[in-house]
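Take a look at the structure set out below.
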2 protein chains.
Amino acid sequence: MKIKNSRLDAIRLILSTQEIGSQEELLNELAKEGFTLTQATLSRDLHQLRVVKTVGVQGKYRYVLTRPHQYRHDGSEGEMRPIAPAVMEVNGFLSIKFSGNIAVIRTKPSYASTLAYHIDAYNFPEVVGTIAGDDTVMLVISENATRGAVLKALRSIIPNL
Amino acid sequence: MKIKNSRLDAIRLILSTQEIGSQEELLNELAKEGFTLTQATLSRDLHQLRVVKTVGVQGKYRYVLTRPHQYRHDGSEGEMRPIAPAVMEVNGFLSIKFSGNIAVIRTKPSYASTLAYHIDAYNFPEVVGTIAGDDTVMLVISENATRGAVLKALRSIIPNL
DNA sequence: ACGAGTATTGCATATTTCTTCAATTTTTAC
DNA sequence: GTAAAAATTGAAGAAATATGCAATACTCGT
């Protein structure tokens, strides 16, 4: 199903870049992109993508992507990369600081999970894992990686870094 | 409000130990604990706790806590912790990796907060604290603890480790 | 190309969740 | 202690989301 897959991609993209608070709202955005579907189908799409409705800082609801299933993560055996994410720039980035083997990335409110999603999806060997709050991503650096290497990796998805 | 706070604690505990798929189900569990409230109030409680409804591995819906509780965790005195949950095995564990003084634990989707909750509840001296995302727990190791000690401690609640 | 099996979808509706409003209850400031 | 302000709650209904079913579209093997 070509249409469905590109629609799911469109959903991911929209949720990564906009604050969507209801399925109807998302439906409108999808319509702008040329996708015609009903709320029923969208509900099923979101279920399949494991999208969740969270509560933002000001109490607003927002749909956000959860993470892709992580098959592996440290270059050891049995490679099996998750879906190659579309090359895209992640916005919402504010700053990055290091402490020990941890990088703390600040984002605009509610953008953290989106950024973490993209970092995870790329499966950088420099990154052991990430955790996202609302506006902060904590990233654990691999023991054999330098901060410079981490920055270099992140630059491929964060434009203004 | 004493009642409300203990009710929120009860909600946290229930969501950390059971797979709850709807507010009505949670309402029943709360009733067993002696809390009488309506679904309307529960909806507001969940909003306040920023609980989210996720999609579990088999496609089941499940309410999960978004952030681990900020009960304190450094062994010092005088702070109330949640009731230590009955000794139980936590499932959903996938892998654990270390980097510096951090352990990154991967879980099945949506199991991270549950696992973090239990780790917190046990108050292991080897663990300074945890934060949890959807499928990842980051655990900060005490300065005087070894990785082996952490593993040993975790083995008491994670069966297949 | 054909048919069986599978997947996708819309419609209509069921189910679930959220919110408004008014009525308490609790807290705060004197 | 008392009055005003704030918080909590339930009832009811609005809003949002999920799903059974039937129709249609696609896939795969032959």
Side-chain angles (χ1 to χ4, degrees), chain A residues 1-15 18-66 69 83 110 113 134, chain B residues 1-16 18-67 80 109-110 113 134:
Chain A
M1 248 314 177
K2 208 145 197 299
I3 295 166
K4 183 180 178 188
N5 286 333
S6 69
R7 189 180 65 227
L8 294 184
D9 272 341
I11 290 170
R12 280 191 271 250
L13 180 58
I14 291 169
L15 293 183
Q18 298 180 50
E19 302 205 357
I20 300 295
S22 72
Q23 294 185 8
E24 194 176 335
E25 210 177 312
L26 181 49
L27 225 41
N28 289 337
E29 293 301 322
L30 285 167
K32 290 182 190 169
E33 304 287 333
F35 294 96
T36 53
L37 69 163
T38 62
Q39 176 272 324
T41 298
L42 180 55
S43 172
R44 285 181 274 238
D45 284 354
L46 294 178
H47 182 269
Q48 184 176 345
L49 290 173
R50 296 175 35 92
V51 164
V52 304
K53 192 180 182 180
T54 63
V55 181
V57 264
Q58 318 94 326
K60 294 271 184 189
Y61 290 98
R62 179 179 179 194
Y63 281 90
V64 300
L65 297 166
T66 55
H69 296 78
I83 33 148
S110 84
S113 67
D134 182 68
Chain B
M1 243 317 174
K2 209 151 194 299
I3 295 165
K4 183 179 177 187
N5 286 333
S6 70
R7 187 180 66 226
L8 294 183
D9 271 341
I11 290 171
R12 283 190 271 248
L13 181 58
I14 291 169
L15 293 184
S16 295
Q18 298 178 49
E19 302 206 356
I20 301 294
S22 73
Q23 294 184 9
E24 193 176 338
E25 212 177 311
L26 181 49
L27 224 42
N28 288 337
E29 293 301 322
L30 285 167
K32 289 183 190 168
E33 304 288 334
F35 294 96
T36 52
L37 70 162
T38 61
Q39 178 272 325
T41 298
L42 180 56
S43 173
R44 285 180 278 238
D45 285 354
L46 294 179
H47 183 269
Q48 184 176 344
L49 290 172
R50 293 170 48 89
V51 164
V52 304
K53 191 181 185 181
T54 65
V55 181
V57 267
Q58 321 96 324
K60 294 271 186 191
Y61 289 98
R62 178 179 179 193
Y63 281 90
V64 300
L65 299 165
T66 52
R67 27 189 76 184
M80 115 167 19
S110 87
S113 66
D134 179 68

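Letters A, B, ... are given to chains in the order of the sequence lines, protein chains preceding strands, and every chain is numbered from 1.
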**Prompt:** Within the structure shown, what part of the strands sits under 4.0 Å from A/Leu37 by heavy-atom distance: base, sugar-phosphate, or nothing?
**Reply:** sugar-phosphate

**Message:** Any side-chain to backbone donor/acceptor pair from B/Arg50 onto A/Val55? Under 3.5 Å, distance only.
**Reply:** yes

**Message:** What I want to check is whether an N or O donor and acceptor connect the side chain of A/Gln39 with the base of D/dA16 at under 3.5 Å.
**Reply:** no

**Asked** Within the structure, does a side-chain N or O atom of A/Thr41 lie under 4.0 Å from either OP1 or OP2 of C/dG10?
**Response** yes

**Prompt:** Between atom NZ in A/Lys4 and atom P in C/dA7, what is the gap in whole Å?
**Reply:** 10 Å

**Straight-line distance of B/Leu26 CG to B/Leu46 CG, nearest 0.5 Å** = 6.0 Å

**Message:** I need the NZ-P distance between A/Lys53 and D/dA18, as an integer number of Å.
**Reply:** 8 Å

**Request:** Would you tell me if any nitrogen or oxygen in the side chain of A/Thr38 comes within less than 4.0 Å of OP1 or OP2 on C/dG10?
**Result:** yes

**Fill in**
Rounded to whole Å, the CG-P distance (B/Leu8 to D/dA7) equals 15 Å

**Side-chain-base donor-acceptor pair under 3.5 Å for B/Arg7 and D/dT9** = no

**Message:** Once you apply a heavy-atom cut-off of 4.0 Å, does A/Ser22 come out as touching a base, just sugar-phosphate, or nothing?
**Reply:** sugar-phosphate

**Asked** How long is the line joining CG of A/Leu27 and C1' of D/dA15, in whole Å?
**Response** 15 Å

**Prompt:** How many Å lie between OH on B/Tyr61 and P on C/dT15, as a whole number?
**Reply:** 15 Å

**Prompt:** Taking CG from A/Leu49 and C1' from C/dT8, how many angstroms apart are they, rounded to a whole number?
**Reply:** 15 Å

**Message:** What is the distance, to the nearest angstrom, from the CD1 atom on B/Ile20 to the C1' atom on C/dT16?
**Reply:** 15 Å

**Prompt:** In whole Å, what is the span from the CG atom of B/Asn5 to the P atom of D/dA7?
**Reply:** 14 Å

